[in-house]
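The structure under discussion appears below in the form of structure tokens.
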2 protein chains.
Amino acid sequence: MKHAATSEAFPDAAHDHAECISTALAAAEDTCRREGLRLTPIRRRVLELVWQNHRPVGAYDLLDQLSRDGKRAMPPTVYRALEFLQGAGLVHRIATLNAFVGCSHPDHAHQCQFLICSDCRTVVELESENIGRSLKREAAALGFQVREQSVELTGLCPECHPAH
Amino acid sequence: MKHAATSEAFPDAAHDHAECISTALAAAEDTCRREGLRLTPIRRRVLELVWQNHRPVGAYDLLDQLSRDGKRAMPPTVYRALEFLQGAGLVHRIATLNAFVGCSHPDHAHQCQFLICSDCRTVVELESENIGRSLKREAAALGFQVREQSVELTGLCPECHPAH
DNA sequence: CAGAGATTGGTATAATATAACAGCACGTCA
DNA sequence: TGACGTGCTGTTATATTATACCAATCTCTG
Ligand SMILES: [Zn+2]
Ligand SMILES: [Zn+2]
Ligand SMILES: [Zn+2]
Ligand SMILES: [Zn+2]
């Protein structure tokens with residue numbers, strides 16, 4: 001899925017982010033219905049919070065925000081929700097940041113790559129078959145069978161680098 | 001640098017690992033002399049411990065081993081040593097494991113990729129210009145300027161997958 | 001309704017990492 | 001020589017991220 005508001009990969013400040021959120025939630029409902037999974041209120045709320053913007057969010061930030069909802073939530077609550085959402089392919093964990101982002105391609109299984117702006121912290125999820133193939137090929141040449149890839153590229157997004 | 005004892009990328013159980021260690025330590029001495037850095041006893045010892053095998057090792061494991069040396073070390077000691085070694089390009093951090101491995105190409109600056117066996121936990125450091133280029137190219141196509149790459153492929157090494 | 005399995009609430013603790021400051025080692029230069 | 005600066009180490013304390021575990025509740029199904 002391209003970004004909802006523009007044809008650019010990187011969301012600009014002016015984009016209609018409410019639409020990003022509602023699209024993501026609707027896709028989550030679909031996925032869960034299709035797979036027989038239960039998008040309970042907590043899980044739905046955590047997903048909504050993860051999608052509050054295009055930046056990765058830490059588990060304890062989510063926890064604070066959940067607590068502000070009135071219920072005083074404990075760590076296992078948010079980690080369980082995140083675990084479920086990851087399992088359902090609705091959320092990804094960014095290993096280099098110990099943080100989480102909403103999945104931009106929740107409608108199908110995929111291996112993806114992340115572009116992480118070190119300035120504005122925006123994250124974009126790439127889904128390049130090309131990269132995936134090339135990684136698998138190089139690994140296979142050494143007899144290694146890839147099961148999971150974690151590809152996280154840190155740098156400057158178009159908005160944040162000087163050439164702009 | 002290929003693995004010292006064989007022409008294979010993946011070290012086998014029989015290889016002369018003492019040579020891996022001494023090669024790594026000698027290379028570290030060289031690097032530090034060349035760059036005017038100080039490979040102090042603690043740093044040298046931590047590097048030696050990181051190289052105890054080809055598996056990533058956690059900071060607190062290192063701490064335990066340091067403590068067994070007689071000195072009762074505290075976390076900052078090992079984290080400071082690791083920070084130095086990373087800065088000197090002698091050690092890499094594996095983000096998906098919160099753990100550290102010795103660098104296999106300490107003699108030159110590089111961006112690398114890791115193959116991590118989920119069974120035996122052996123890690124091999126790839127230095128593929130091909131992959132680096134392809135990642136940079138895809139990112140650039142979206143206007144993103146890559147500064148750091150973290151590429152960690154988890155799967156089965158040749159020793160551990162069924163085809164073997 | 002009964003029972004199984006999934007989900008949640010809650011306590012406690014584990015595992016990883018850093019802040020902050022004091023003392024020391026060692027070279028430099030007056 | 002001795003005062004100083006810089007970098008390294010020791011130490012205490014704390015921050016941050018994540019999980020183990022058990023009890024209570026909910027949901028679905030038969
Ligand atoms: Zn995704
Ligand atoms: Zn940016
Ligand atoms: Zn070896
Ligand atoms: Zn390396």
Side-chain angles (χ1 to χ4, degrees), chain A residues 28-29 31-33 35-50 55-88 90-101 121 150 152, chain B residues 28-29 31-33 35-50 55-88 90-101 121 150 152:
Chain A
E29 306 272 15
T31 298
C32 289
R33 192 163 24 246
E35 316 259 332
L37 302 173
R38 294 174 50 194
L39 190 64
T40 62
I42 293 181
R43 292 168 176 176
R44 195 188 144 92
R45 178 66 177 137
V46 168
L47 181 60
E48 192 182 7
L49 289 171
V50 163
R55 293 190 267 282
V57 57
Y60 279 76
D61 284 349
L62 292 169
L63 193 52
D64 286 346
Q65 294 176 266
L66 275 184
S67 292
R68 251 176 264 134
D69 282 359
K71 7 224 152 208
R72 26 180 233 306
M74 308 306 276
T77 299
V78 68
Y79 279 104
R80 280 190 293 233
L82 287 169
E83 186 180 20
F84 169 86
L85 294 168
Q86 287 175 86
L90 299 170
V91 156
H92 295 293
R93 181 168 188 275
I94 308 290
T96 52
L97 298 174
N98 297 328
F100 302 83
V101 288
R121 301 186 2 272
S150 163
E152 303 178 11
Chain B
E29 306 271 14
T31 298
C32 290
R33 191 162 26 244
E35 316 257 332
L37 302 172
R38 294 176 49 193
L39 190 65
T40 62
I42 293 179
R43 293 169 177 176
R44 194 187 143 93
R45 177 67 176 138
V46 168
L47 181 59
E48 191 182 7
L49 288 171
V50 163
R55 293 190 266 279
V57 56
Y60 280 74
D61 283 349
L62 292 170
L63 194 52
D64 285 347
Q65 295 177 265
L66 276 184
S67 292
R68 250 176 265 131
D69 281 0
K71 7 224 150 209
R72 31 184 228 302
M74 307 306 277
T77 299
V78 69
Y79 279 104
R80 280 191 291 233
L82 287 169
E83 186 181 20
F84 169 85
L85 293 168
Q86 286 175 88
L90 299 171
V91 156
H92 295 293
R93 181 167 189 276
I94 307 293
T96 52
L97 297 174
N98 298 327
F100 303 83
V101 288
R121 301 188 0 273
S150 162
E152 302 177 12

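Residue numbering restarts at 1 for every chain, and letters A, B, ... go by the order of the sequence lines.
Comparing B/R43 and B/P75 along DNA chain D, the residue whose closest nucleotide (by nearest heavy atom) sits nearer the 5' end is B/R43.
A donor N or O paired with an acceptor N or O is not found under 3.5 Å between the base of C/dG10 and the side-chain atoms of A/R72. Residue-to-nucleotide contacts include a donor-acceptor pair under 3.5 Å from the side chain of A/R80 to the base of C/dG9. A donor and an acceptor atom sit less than 3.5 Å apart, one in the side chain of A/Y60 and one in the base of D/dA18.
Following rounding to the nearest Å, B/F84 (CZ) and D/dG7 (P) show an atom-to-atom distance of 13 Å. Straight-line distance from the CG atom of A/D61 to the P atom of D/dA15: 16 Å, rounded to whole Å. If you take CE of B/M74 and C1' of D/dA15, they are 16 Å apart, rounded to a whole angstrom. For B/N98 and D/dT16, the CG to P distance is 16 Å, given to the nearest whole Å. Nucleotide C/dT8 holds its P atom 10 Å from the CG atom of A/L39, rounded to whole Å. If you take CG of B/L85 and C1' of D/dC8, they are 14 Å apart, rounded to a whole angstrom. The separation between B/K71 atom NZ and D/dT11 atom C1' is 16 Å, rounded to whole Å. Atom CG in A/L97 sits roughly 15 Å away from atom P in D/dT16 (whole-Å rounding).
Put simply, A/T40 has a side-chain N or O that comes within less than 4.0 Å of OP1 or OP2 on C/dT8. Phosphate contact (OP1/OP2 of C/dT18, side-chain N/O of B/Y79, threshold under 4.0 Å): absent.
A donor-acceptor pair under 3.5 Å is absent between the side-chain atoms of B/E152 and the main chain of B/I94, judged by distance alone. Using a distance-only test at 3.5 Å, with no hydrogens or angles considered, no donor-acceptor pair links the side chain of A/R93 to the main chain of A/Q86.
A salt bridge is defined here as a Lys NZ or Arg NE, NH1 or NH2 lying under 4.0 Å from an Asp or Glu carboxylate O, and B/E83 with B/R80 fails to meet this definition.
The distance from atom CG of B/L37 to atom CG of B/L90, rounded to the nearest 0.5 Å, is 8.5 Å.
When distances run from any side-chain atom of B/P76 to the nucleotides D/dT9, D/dT19, C/dT18, the shortest one goes to C/dT18.
Of all the heavy atoms in B/V101 and B/V50, the pair that sits closest is C-CG1, 3.5 Å.
Residue contacts for B/R38: at a heavy-atom cut-off of 4.0 Å it reaches the sugar-phosphate backbone alone, with no base atom in range.
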